[in-house]
*Asks:* 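If you scroll down you'll find the structure; I have some questions about it.
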Amino acid sequence: MAKVKPLKPRSIHRCQACGHVEQKWLGRCPACKEWSSLVEEIDSAGHAAPRPSSTGVADGHAPIALADVRELSAADRLSSGIGELDRVLGGGLVAGSLVLLGGDPGVGKSTLLVQALAGLCARSAGRVLYATGEESVAQTALRARRVGVDSIAERLSVVAETDVERILAHATQLRPAILAVDSIQTVYTPLLDSIPGSLAQVRECASRLMQFAKTTGIPTILVGHVTKDGGLAGPKTLEHLVDVVLQLEGDGGPYRVLRAHKNRFGSTQELGVFEMRGAGMAEVENPSAHLLAERAIGAPGSVVVASADGARPLLVEIQALVAPATAGLGRRTAAGVDGNRVSLLLAVLAQRANCDVLDRDVFVNVAGGLRLAEPAIDLGVVCAIASSARGRAIDAKTLVFGEVGLAGEVRAVPLCEQRLAEAARLGFTRALIPVQNRLRLDAGATCGLELVAIDRVVTALNAL
Ligand code: TYD
Ligand code: MG
């Protein structure tokens with residue numbers, strides 16, 4: 001009797017380091033001896049159809065002159081009705097694009113997604129297909145009602161499905177205006193033996209969804225979790241594949257920051273700010289004013305910095321508390337800023353600025369639960385710590401920014417004028433800025449602020 005050919009295409013294991021192919025998974029590549037480098041994939045040799053290009057861009061078209069290529073216009077973008085989100089997307093969701101919305105578990109990805117889908121759906125004639133592998137249909141409906149999307153509930157179809165082939169079958173049948181998959185870590189293709197969430201599955205499923213988006217023109221949004229260790233099988237793996245990578249961040253407080261880490265259709269400098277409320281994510285149009293609203297004026301250890309992670313400056317309060325050590329060694333606790341950076345700045349303060357608090361407990365916090373990663377906030381951290389250590393409050397209408405070097409020097413930062421303009425808008429009167437920034441500034445660009453040029457940390461502490 002003739003042997004029946006298995007229906008399932010074979011899967012192989014390819015070494016990510018040297019490209020060696022094995023039939024079964026091995027802990028170590030026999031060719032290059034690299035550990036855990038073999039990743040499962042579908043054997044393209046066994047298929048009649050050619051393997052699609054890794055970007056999913058349609059093959060087989062004749063070359064075309066650049067002049068004949070139509071430019072992306074506003075009509076190609078669909079607005080979500082959420083201004084902060086549209087801006088980060090570069091003006092709306094582009095037809096046929098694949099967007100990855102990443103972030104820590106619980107940060108509000110599904111909430112923002114369902115709100116965005118409602119807005120997008122309201123502005124298009126079609127339906128939306130929301131495939132959820134994280135929650136049941138009932139849970140998804142509950143959330144959707146909570147954030148008030150009743151007006152388009154008729155056109156929002158939810159399916160609790162994790163098989164990517166079946167999700168695509170539903171999408172092909174329904175022809176939605178937008179497809180959303182929450183989350184990419186829960187979907188799988190039965191063509192691979194690896195478990196959902198593994199590198200092989202995440203990559204294969206995302207690439208299937210990418211081809212779907214590119215061939216149908218249906219914009220597709222994927223939700224992805226960032227794993228604690230940066231996540232090999234997490235969104236990092238997908239960054240080269242997708243068109244847009246949005247990252248939703250929050251550090252405990254009610255505020256969430258949305259950034260574009262990659263955007264093939266817009267700038268990566270934009271920033272969207274939201275507040276998580278009882279009925280979903282609310283846009284924060286004037287984030288600086290919000291973040292400074294509850295400031296403890298006149299209290300030592302509080303200073304306002306102008307942060308500009310991206311093109312949009314934000315005024316944020318940095319708080320520090322220096323207290324006697326509870327156990328022998330001084331402890332450092334940092335929320336919203338990098339703990340290692342705080343340790344470095346404490347050493348600079350002790351060695352270069354005569355403010356030694358190394359044997360005390362030091363707590364540093366960014367008010368509002370934001371996470372600040374740019375070096376321009378260094379001077380703020382230093383000033384807040386010194387202010388708390390000395391018990392002297394910093395003037396409420398003074399703002400600081402600047403990068404601090406190991407020699408105790410204060411270095412120039414980008415976007416000085418934008419930071420000053422934001423400060424002036426919020427009623428600040430005085431700013432301590434790096435000397436090099438002061439020198440480069442045009443005479444008329446002071447925004448009406450009294451500017452104090454700072455070359456060293458010591459100068460800043462004396463000027464406060
Ligand atoms: P969720 O969107 O489920 O997060 P993710 O998809 O990123 O894992 O939201 C997580 C948290 O947000 C949850 O703890 C409850 C809270 N939440 C609100 O505060 N208000 C709301 O309207 C909703 C829907 C959720
Ligand atoms: Mg979720």
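Note that ligands are numbered from 1 as they come in the structure, with each ligand's atoms numbered from 1 the same way. Reckoned from all heavy atoms, side chains included, excluding hydrogens, waters and symmetry mates.
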*Asks:* Does any N or O of ligand 1 fall below 3.5 Å from an N or O anywhere on Gly280, backbone included?
*Replies:* yes
*Asks:* Quick check on contacts: which atoms of ligand 1 are under 4.0 angstrom from a heavy atom of Ala279?
*Replies:*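 Those of ligand 1 that fall under 4.0 Å from Ala279 are 22 (O).
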*Asks:* For ligand 1, which atoms sit closer than 4.0 Å to a heavy atom of Thr111?
*Replies:* 1 (P), 2 (O), 9 (O), 23 (C), 24 (C), 25 (C)
*Asks:* Please compare His225, Arg146, Met281 and report which has the shortest non-hydrogen distance to atom 21 (C) of ligand 1.
*Replies:*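 When every heavy atom of His225, Arg146, Met281 is considered, Arg146 comes closest to atom 21 (C) of ligand 1.
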*Asks:* Is there a donor-acceptor contact under 3.5 Å from the side chain of Gln201 to the main chain of Ser198?
*Replies:*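 Side chain of Gln201 to backbone of Ser198: no pair is present.
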*Asks:* Less than 4.0 angstrom from a charged side-chain N to a carboxylate O is my criterion; do Asp163 and Arg166 meet it?
*Replies:*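 Salt bridge flag = yes for Arg166 with Asp163.
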*Asks:* Closest approach of Leu315 and Ala423, non-hydrogen atoms and distance?
*Replies:* CD1-CA, 3.7 Å
*Asks:* Tell me whether Arg155 contacts the main-chain N or O of Ser124 through its side chain, where contact means a donor paired with an acceptor under 3.5 Å.
*Replies:*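 Looks like yes, one N/O pair under 3.5 Å.
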*Asks:* If the condition is side chain to side chain donor-acceptor pair (under 3.5 Å), which residues does Ser97 pass it with, not counting sequence neighbours?
*Replies:*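 Side chain to side chain donor-acceptor pair (under 3.5 Å) list for Ser97, sorted by chain: empty.
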*Asks:* Kindly indicate whether the side chain of Arg175, heavy atoms from C-beta on, has any atom under 4.5 Å from the side chain of Thr216.
*Replies:*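 In contact.
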*Asks:* Can you check whether a protein heavy atom sits less than 4.0 angstrom from atom 10 (C) of ligand 1?
*Replies:* yes
*Asks:* As an exercise, state the distance from OG of Ser194 to CD of Glu40, rounded to the nearest 0.5 Å.
*Replies:* 3.5 Å
*Asks:* Between Arg145, Lys109, Glu134, flag the one that comes closest to atom 5 (P) of ligand 1 by a heavy atom.
*Replies:*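 Closest candidate by heavy-atom distance is Lys109.
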*Asks:* At a 4.0 Å threshold, what atoms of ligand 1 neighbour a non-hydrogen atom of Arg143?
*Replies:*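 That gives atoms 1 (P), 2 (O), 3 (O), 24 (C) of ligand 1.
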*Asks:* Got Glu135 and Arg143 here, is their nearest side-chain heavy-atom distance under 4.5 Å?
*Replies:*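 Yes; the side chains approach each other to less than 4.5 Å.
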*Asks:* Would Trp25 and Asp193 satisfy side chain to side chain contact (heavy atoms under 4.5 Å, CB included), going step by step from the backbone distance to the final call?
*Replies:* CA-CA 11 Å; Trp25 189 82; Asp193 293 328; over 6 Å; no
*Asks:* Would a distance-only check, ignoring hydrogens and angles, find a side-chain to backbone donor-acceptor pair under 3.5 Å from Ser302 to Gly298?
*Replies:* no
*Asks:* Does the protein put a heavy atom less than 4.0 Å from atom 13 (C) of ligand 1?
*Replies:*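 False for atom 13 (C) of ligand 1.
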*Asks:* Identify the closest protein heavy atom to atom 6 (O) of ligand 1: which residue and atom is it, and at what distance?
*Replies:* Ser110 OG, 2.7 Å
*Asks:* For ligand 1, which atoms, with element, lie under 4.0 Å from some heavy atom of Gly278?
*Replies:* 20 (N), 21 (C), 22 (O)
*Asks:* With side chain to side chain contact (heavy atoms under 4.5 Å, CB included) as the criterion, how do His225 and Lys109 come out once you've worked through the C-alpha distance, each side chain's angles and the decisive distance to 0.1 Å?
*Replies:* CA-CA 9 Å; His225 296 296; Lys109 298 179 296 297; 3.3 Å; yes
*Asks:* Take every heavy atom of Arg277, measure it against each atom of ligand 1, and state whether any distance is under 4.0 Å.
*Replies:*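 It does; at least one heavy atom falls under 4.0 Å.
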*Asks:* Suppose we measure from atom 8 (O) of ligand 1 to each protein heavy atom; which comes out shortest, and what is that distance?
*Replies:*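 Going by distance alone, atom 8 (O) of ligand 1 is nearest to Gly106 N, 2.8 Å.
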*Asks:* Would you check, one step at a time, whether the test salt bridge (Lys or Arg N to Asp or Glu O under 4.0 Å) holds for Glu422 with Arg425?
*Replies:* CA-CA 5 Å; Glu422 178 77 352; Arg425 199 172 67 78; 3.2 Å; yes
*Asks:* Give yes or no for whether the N/O distance cutoff of 3.5 Å, strictly under, is met between Glu135 and ligand 1.
*Replies:*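 Looking only at distances, the answer is no, because the N/O contact criterion of under 3.5 Å is not met.
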*Asks:* Stepwise, does the side chain to side chain contact (heavy atoms under 4.5 Å, CB included) test hold for Leu89 with Phe265?
*Replies:* CA-CA 8 Å; Leu89 280 171; Phe265 315 110; over 6 Å; no
*Asks:* Heavy-atom contacts with Gly108 under 4.0 Å: which atoms of ligand 1 show up? List them by number with element.
*Replies:* 1 (P), 2 (O), 4 (O), 5 (P), 7 (O), 9 (O)
*Asks:* Just to be sure I understand the site: which N, O or S atoms from the protein are less than 2.8 Å away from the Mg ion (ligand 2)?
*Replies:* Ser110 OG
*Asks:* Report, in ascending order of atom number, the atoms of ligand 1 lying under 4.0 Å from any heavy atom of Met276.
*Replies:*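 Numbered from 1, ligand 1 contributes 12 (O), 16 (C), 17 (N), 18 (C), 19 (O), 20 (N).
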